[in-house]
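Here's the structure, in structure tokens; my notes come after.
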Amino acid sequence: MGEPLQKGYEPHDVEAKWRKHWEETHVFTPDPDAPGEPFSIVIPPPNVTGALHIGHALNLTLIDVLCRHARQKGKNVLWIPGTDHAGIATQNVVERAIALEGADRQSLGRWAFVKKIWEWREDYGHRILDQIGALGASVDWKRLRFTMDDGLSAAVRKVFVSLYNEGLIYKGDYIINWCSRCHTALADDEVEHEQGKGNLWRIRYHLADGAGHVTVATTRPETIPGDTAICVHPEDMRYHHLIGKSAIVPVLGRNIPIIADSYVNMEFGTGALKVTPCHDHNDWMLGKKHDLEFIQVIDENGLMTAESEIYASLPKHECREKIVADIEAAGDLEGVEDMVHAVGHCYRCHTVVEPHVSAQWFVAATKLAPAAHAAVPELTQIFPEVWLKTYYHWLDNIRDWCISRQIWWGHRIPAWTCTSCDALTVAEETPDHCPKCGAAALVQDADVLDTWFSSALWPFSTMGWPDDSRDFERWYPTSVLVTGFDILFFWVARMMMMGLHLTGKTPFRHVYLHALVRDSAGQKMSKSKGNVIDPLEMINKYGCDALRFTLTAFAAMGRDIRLSEDRIEGYRHFVNKLWNAARFALMHLREMPDPVPLENVSGLHNQWILHRLETVKKQMDQALSEYRFNDAAQTGYKFLWNEVCDWYLELLKPDIGLGAQSEDPQRAAAARFVLWTVLRETLILLHPIMPFVTAEIWQALPGAQNEANTVSDLAKERYPAFRPGCLRETEARHMELIQEVIVAVRTIKAELNIAPSHKARLLLRPVDAAQAALLEQNRDMIITLARLESLTTASDTQIPKASASAVVRGCQVIVPLRGTVDLGGELQRLDKELAKLEKEIINTNKKLLNESFTSRAPAEVVAREQEHATKLLETITTLQALKSRFTEALAEDAE
RNA sequence: GGGCAGUUAGCUCAGUUGGUGGAGCACCGCCCUUACAAGGCGGGGGCCACAGGUUCAAGUCCUGUACUGCCCACCA
């Protein structure tokens, strides 16, 4: 027996206690040789120096729900935690930190700077891990990984070498996106395009033969020194005669060819395009295609190169001003207009990126993509399905992936150049001599790999691949990848490509893409907007379970989550409700009740709640297996609050000696065991979503322990077995009648301003003998919950004229009115009810009189409508009779 | 420019295969009933964005329009 429950739920103490317990007992460290179907998930690794944000909280909560549920279902569950070295992001953070000390990485040097980052990681790397723990994530801490661990780094080198040897990694000159602040290449999808104001200049290029000029339009005049052609559309009659001739580059005076390519848009600008292959992606393509000259005029610092002659060493924006002025002075500027166009920015630091030609390493993604396309949905299924098309489209239009980054923090590219013979060696281990010429002087490539390269290996590198590993054998491929849709391309697609190529298997059977968490106005949360909701602050204020329940309840498929603090506060009430319900139950379960056969238990309320419990067990299980997290949460919520608390706990009070009735030992025994069962199984059902509060209640539940002398840990408990014998549709419907009668009485009281505590007399006139028996058998429930003085059930009961009335499933519900009550109120009530019913019967009859409905709709639907109409008519007739009696009473009263 | 979502109660959102629309919060009234006032009971509130179409029957399927959001590609 554990500790009894305190008056109020104190999340902090409880959370700390269970976190510690779970970490110390290693319940989430699985044994690969243990039985059970394998179930595995790898964490989407957060930045090692990062802090937990609400997106992580959502992600981790959903994964945790799946893992805890899978454990309950008897699966052998592995959830690998870990962090990502996050190249550029981390380097930037540390650079900013050392800048405060007046240092910079250049002056420190590579070795010392990287050492600094490792130190930084030692200091701050624990923070994010601690925060993952604070969310209650049931990860296996013994298998904690970091993308720059020895094992994972070895995997990275192995993959690099093997792809290189297969020709799937190559080095080449290419135009890339260059961030002159981060000083590194950026992948296409690391560039964010934003609309910005600019100018469009129209500039004359004189023809070399002196026969006039051609006018081009450009937004970037500073690239003019790098022009190596003018391009027009082959079918553009305005320029047809110029194709093959030469033009002169303004100011510099070089001759360049005029070429034709259908890439050119005749409608835009003047229809004549200046081609600068080194400083524009499309111009690069044209340059390659038409074998143009490549002249680089802007360097990696954003300064003009010597090739730009008189503009050499000017910053590019100054060059722009100067060259425009020079052209204008020469009389060759035809005009300037304002225009809005998209400009690329670095996704990390927001500097404008510059297309830049340099030697880079590439993965031949074009060759890996087809397999990743073909694997879906056969081998890997994507949820929700709307992302399928997006996934396919991206893979079908993929370009080779630039994987080299000119930064210092990351996996160094395992390629060495011989200083004497220039030969390139790619190897897993540092070579001590050049394999070609034997010289010992080898220089390693200065670049590191794109962070996503190591991330792409994460599902198997974390399991010990490429070495023979029991974990890999047992748990790869993983069961499901849970992540945000924003990294479908960055991460998911690349894991698919790498996983398929290297392991021959897709790295996960399912991919569940969850939504983004936005603020209550639908805005993306960001520090600069000041609209972030800090999950740790929420945990602190409302408790972890409240936060987790909120996130789960809002995680509807394919829809963004608009979160606000109010909602978390709201779900805290639910945690509290569970706590209080449990406290009440435990007051009456001082010790383990003696079991009674539940399939044969007596008492309509017992049969009903057990029936509902079975239904909810099935529904929640089903919902989670289909990633309908919100449905699972809502089902649990409604069951506990609206059924267990609002009805069942009240209904069982008479059984256990609360209220007017005297205790019947047999009924009390049954009630206690049913109560114990319902509480016990509800705790299990809610545990994946709310692990802490349920675990705390569980340890106080007598008889929940299954091992002697140990703390009773709900995290180890199995999903409750289904009891088909407890499914009782008929009894559930009978219970609904009782509930409806009770509600009818309550409504009468409320609407006629009769105090709820007023003990009314109630007369019931059942529609038939079966109903009469049912009502009579359950009279205690009605008396207690409707708060009655007396209850008379008989079809021939005299009805006092001054009575309020209602009709429930044909049964007349009569509350005789005495003294102070406002009789006019009852008339209004009856009229309102009758009007509603009449409207309904008109609609139903309209349908039934429609020949095409009765002949074409399924017989079963027609029969249902028919029955509905009959019942409506009966109710109306009865109610009208009651109303006329009541009107007489009013008249008599007036006399 | 191409693609994908969304539009349902005052607010935030559910609504599986078409069969007479739900929840939470907010609102109104009554109640401190011995698990819970972070509560209980009852109530009001919606031509499901708009216009067509399919069907006996449309929030649900189809077409179009409007607005909102996102993704991709970017025209020099």
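Letters A, B, ... mirror the listed sequences (proteins, then strands); counts begin at 1.
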With a 4.0 Å limit, can you tell me whether [X] has a side-chain N or O closer than that to the phosphate oxygens OP1/OP2 of [N]?
{"X": "A:H573", "N": "B:C36", "value": "no"}
{"X": "A:R567", "N": "B:U12", "value": "no"}
{"X": "A:K577", "N": "B:C36", "value": "no"}

Nearest-nucleotide pick for [X], side chain only, options being [options]:
{"X": "A:K653", "options": "B:A35, B:A38, B:G42", "result": "B:A35"}
{"X": "A:R856", "options": "B:C72, B:C56, B:G39", "result": "B:C56"}
{"X": "A:E650", "options": "B:C56, B:A35, B:G42", "result": "B:A35"}
{"X": "A:F489", "options": "B:C71, B:G43, B:A35", "result": "B:C71"}
{"X": "A:R746", "options": "B:C36, B:C41, B:A35", "result": "B:C41"}
{"X": "A:T747", "options": "B:C56, B:G42, B:A35", "result": "B:G42"}

For the [atom1] atoms, the ones on [N] and on [M], what distance do you get once it is rounded to whole angstrom?
{"N": "B:U7", "M": "B:G44", "atom1": "P", "value": "26 Å"}
{"N": "B:A49", "M": "B:A5", "atom1": "C1'", "value": "15 Å"}
{"N": "B:U17", "M": "B:G29", "atom1": "P", "value": "42 Å"}
{"N": "B:U60", "M": "B:U16", "atom1": "C1'", "value": "11 Å"}
{"N": "B:G1", "M": "B:U65", "atom1": "P", "value": "13 Å"}
{"N": "B:G45", "M": "B:G2", "atom1": "C1'", "value": "42 Å"}

Opposite nucleotide pairing with [N], Watson-Crick or G-U, both atom distances under 3.5 Å:
{"N": "B:G69", "answer": "B:C4"}
{"N": "B:A23", "answer": "B:U12"}
{"N": "B:G45", "answer": "none"}
{"N": "B:A51", "answer": "B:U63"}
{"N": "B:C74", "answer": "none"}
{"N": "B:G39", "answer": "B:C31"}

Using the closest heavy atom to pick a nucleotide of RNA chain B for each, name whichever of A:Q634 or A:R220 lands nearer the 5' end.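 Nearer the 5' end of the strand: A:Q634.
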Is it the case that the side chains of A:Y9 and A:E696 hold a donor-acceptor pair, with the cut-off being a distance below 3.5 Å and no angle test?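 A:Y9 and A:E696 do not have a side-chain donor-acceptor pair below 3.5 Å.
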Would you mind classifying the nucleic acid contact of A:W641 as base, sugar-phosphate or nothing, using non-hydrogen atoms under 4.0 angstrom? sugar-phosphate
Which residue in the set A:K274, A:H279, A:K316 passes side chain to side chain donor-acceptor pair (under 3.5 Å) when paired with A:T223?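 Answer to the side chain to side chain donor-acceptor pair (under 3.5 Å) test with A:T223 among A:K274, A:H279, A:K316: A:K274.
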Ring centers of A:Y571, A:Y637 separated by less than 6.0 Å: yes
